[in-house]
Number of protein chains: 2
Amino acid sequence: MQDVARRAGVSPMTVSNVVNGHPHVRPATRQRVLEAIAALDYHVNTTARSLRQGRTGVIGLAVPNLDHPYFGLLARLLVERAAAEGYDVVVEQTGARREGELGAITRSRLRSYDGVVLHASELANADAELLRGEYPIVVMGERAYDEPVDHVLMGNEEGARLATRHLIERGCRRIAIIGGRLGSPDDIDVSTLRTRGYLRALDEAGIARDDRLVRVAVLGFEGGRSGVHALLDEVGPVDGIVGATDQVAVGVLRGLRERAVSVPDEVRVVGFDDIPVAAFTVPSLTTIEPDHDGMADAVVRLLLERISGERRADDYREIVSGVWLVERESTAGVVRIALA
Amino acid sequence: MQDVARRAGVSPMTVSNVVNGHPHVRPATRQRVLEAIAALDYHVNTTARSLRQGRTGVIGLAVPNLDHPYFGLLARLLVERAAAEGYDVVVEQTGARREGELGAITRSRLRSYDGVVLHASELANADAELLRGEYPIVVMGERAYDEPVDHVLMGNEEGARLATRHLIERGCRRIAIIGGRLGSPDDIDVSTLRTRGYLRALDEAGIARDDRLVRVAVLGFEGGRSGVHALLDEVGPVDGIVGATDQVAVGVLRGLRERAVSVPDEVRVVGFDDIPVAAFTVPSLTTIEPDHDGMADAVVRLLLERISGERRADDYREIVSGVWLVERESTAGVVRIALA
DNA sequence: GTGAAAGCGCTAACAC
DNA sequence: GTGTTAGCGCTTTCAC
């Protein structure tokens, strides 16, 4: 900047004013400065600017794993929202390990952002106090905390209840959940929360629960595929399956096809998340669609309120996103597509 | 840091030495400093550190769109590789627009990283000179440049050739490419490059080309679905289809099912990229698998060589990743799965 | 083993 | 309109 100033015959301050678009610079001066900038290929050093200004204009997003359609979508939505507010978003991966998530809020570099959105999946209740304090943090994800923190979460239990009730309305009476988990009341992971909604729907319909139908599985394609094989081998036929996630449900569709079980004729299947491919599977997948946009809006709003300090330090918010059912072929009343 | 130093009864310099794990600090002193750090909940200001050191320990990754399985995978692999070398990775989205990609290398903040990996998809040959210069940049993606830049790219043409040849070996003679493009020799986008490989395979097999079988489509699920409908409506039956990407191919499988066309009995389908869901579709998708790991290795290696300055400034490298065919059900010689 | 001085590049506040 | 001063928080250098 010194060099630019010298070449343009002005002070560094004037260069700064030009770079930042401040109004009170004479056009002729501005012109000379711009020429010097171009001639020297000058770029402002944002590190120095951040140090001076005490803010970076960056918010961090820490997610378990970018290699997952849900987090990819989330990242895109948050980047768009943040850009509209003049912030850049920087994405970090926690690897879905507790240390990674703790690291994200502890590690020094993330501290250099103006705020952080942390999608937690393994933090325990006991860790929640770390999330409080002066540093602006909004927590997303499947966990709910007793400790007050700014938190945006999905309607996990409600969504699973909707999904299961939909199967019941379609006539299913023997319904399994793959990727579910019979956790303790303290457990707040996505498998346990969604299983609660499943159990509640059964209960409301007066259907007796059978814990053998709650199948633990890794929440991915292969977990769904092998999970449905294990279910059929060990427990026998069912007429409805809830996939704890869409990835599990896609694996379930695949596994059922390997067993020559027809969907939706013999078994109806519903997923959760509405990942993009869900509309294009064969058969297409009925699923629970969370209000992704609403969540992204809420997250950015909460975080910016914290950064600006316009909300009292002890005024924490918890926002639960809406969920709704998207009906597709996998739970159709009649077979809608021609079969080969 | 001043506060910590005062509380520990030492100078800021000693605090710095402790924080950075420098050896020549007496254990007792170190202990006092660590206690003061804990008591005051001190965190180093990485912005100031970066300003002083002239390096940030961060490399930027600019991709068109995180909401895409390929880029999610790429981001994960690069983050892992970079972490092993002591670098953090920060992900930016360019929105697959030329301005976004130019912005990624022009914008000041990205300049504050030690280097950038830019996955270009819309930069033209004319823009390539921007990628040269002192700032460490490695370009990935489907484009090839005449200008010398460090560049890691996929074997697009070779992969499409393999895919098409595989269909021919399976007996297909009327083969379409969906998401293809008959570009000019100067065009270096993914659709055009892959179409070249397709045309070459046809040529090598002595099959006459029919340009109506090269179908332009948006490279996504819906592009594949509607593209195959349009193909069948406008050109009539085919016995083989190359999807320019796996997403297109998955849409094609869906579209064919909507037309009650059986895969692989009536039409064989092959994709490109080996996205995770490709092994779980019905039928599972034969595809071209790029050497993702090899690409990630090469990118990080090239970039670190640039950052460290160990390679001469005018010594640019271009690395083309290997590709291979992954055979699955969509091109099977016989129908391997039970049909509903 | 520890500390003092200096400066990385920028901009807020204030002078002119 | 433009310039001067000062300092953001840290670490390199060198002295002790």
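Each chain gets a letter, A, B and so on, in the order the sequences are listed, and its residues count up from 1.
- Across the helix from C:dG1-D:dC16 to C:dC16-D:dG1, the helix axis at one end is tilted relative to the axis at the other end by 30° (nearest 10 degrees, each axis from five pairs).
- Here B:Asn45 does not reach the OP1 or OP2 of D:dC8: none of its side-chain N or O atoms lies under 4.0 Å away.
- Closest-nucleotide positions on DNA chain C for A:Pro12 and B:Thr14 were compared, and the one nearer the 5' end corresponds to B:Thr14.
- The CE-C1' distance, from B:Met13 to D:dC16, rounds to 15 Å in whole Å.
- The environment of B:Glu310 atom CD is dense: over 12 non-hydrogen atoms of other residues, nucleotides or ligands sit within 6.0 angstrom.
- Residue A:Arg26 places no side-chain N or O under 4.0 Å from the OP1 or OP2 atom of D:dG1.
- Along DNA chain C, the nucleotide nearest B:Arg32 and the nucleotide nearest B:Leu51 are compared for position; the residue whose nucleotide lies closer to the 5' end is B:Arg32.
- Using a 4.0 Å cut-off, no side-chain N or O of B:Ser16 falls inside it from OP1 or OP2 of D:dC10.
- Atom CD in A:Gln53 sits about 11 Å away from atom P in C:dA13, given to the nearest Å.
- Set against D:dG9, C:dT2, C:dT11, the side chain of B:Val25 has C:dT2 as its closest nucleotide.
- If B:Asn20 and A:Ser11 are placed on DNA chain D by their nearest nucleotide, the residue sitting closer to the 5' end is A:Ser11.
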| Check against side chain to side chain contact (heavy atoms under 4.5 Å, CB included), B:Met295 and B:Leu74 | CA-CA 9 Å; B:Met295 291 180 77; B:Leu74 183 65; 5.6 Å; no

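- Contact record, B:Arg32 with B:Val10: NH1-CG1, 4.1 Å, taken as the closest heavy-atom pair.
- Panel note: side chain A:Asp114, backbone A:Thr56; a donor-acceptor pair is recorded below 3.5 Å.
- For B:Arg52 and D:dC10, the CZ to P distance is 13 Å, given to the nearest whole Å.
- Cation-pi geometry between A:Arg306 and A:Tyr316 is satisfied (NZ or CZ under 6.0 Å from the ring centre, within 45° of the ring normal).
- Listed candidates were C:dG1, C:dC10, D:dT11. Nearest to the side chain of B:Thr29 is C:dG1.
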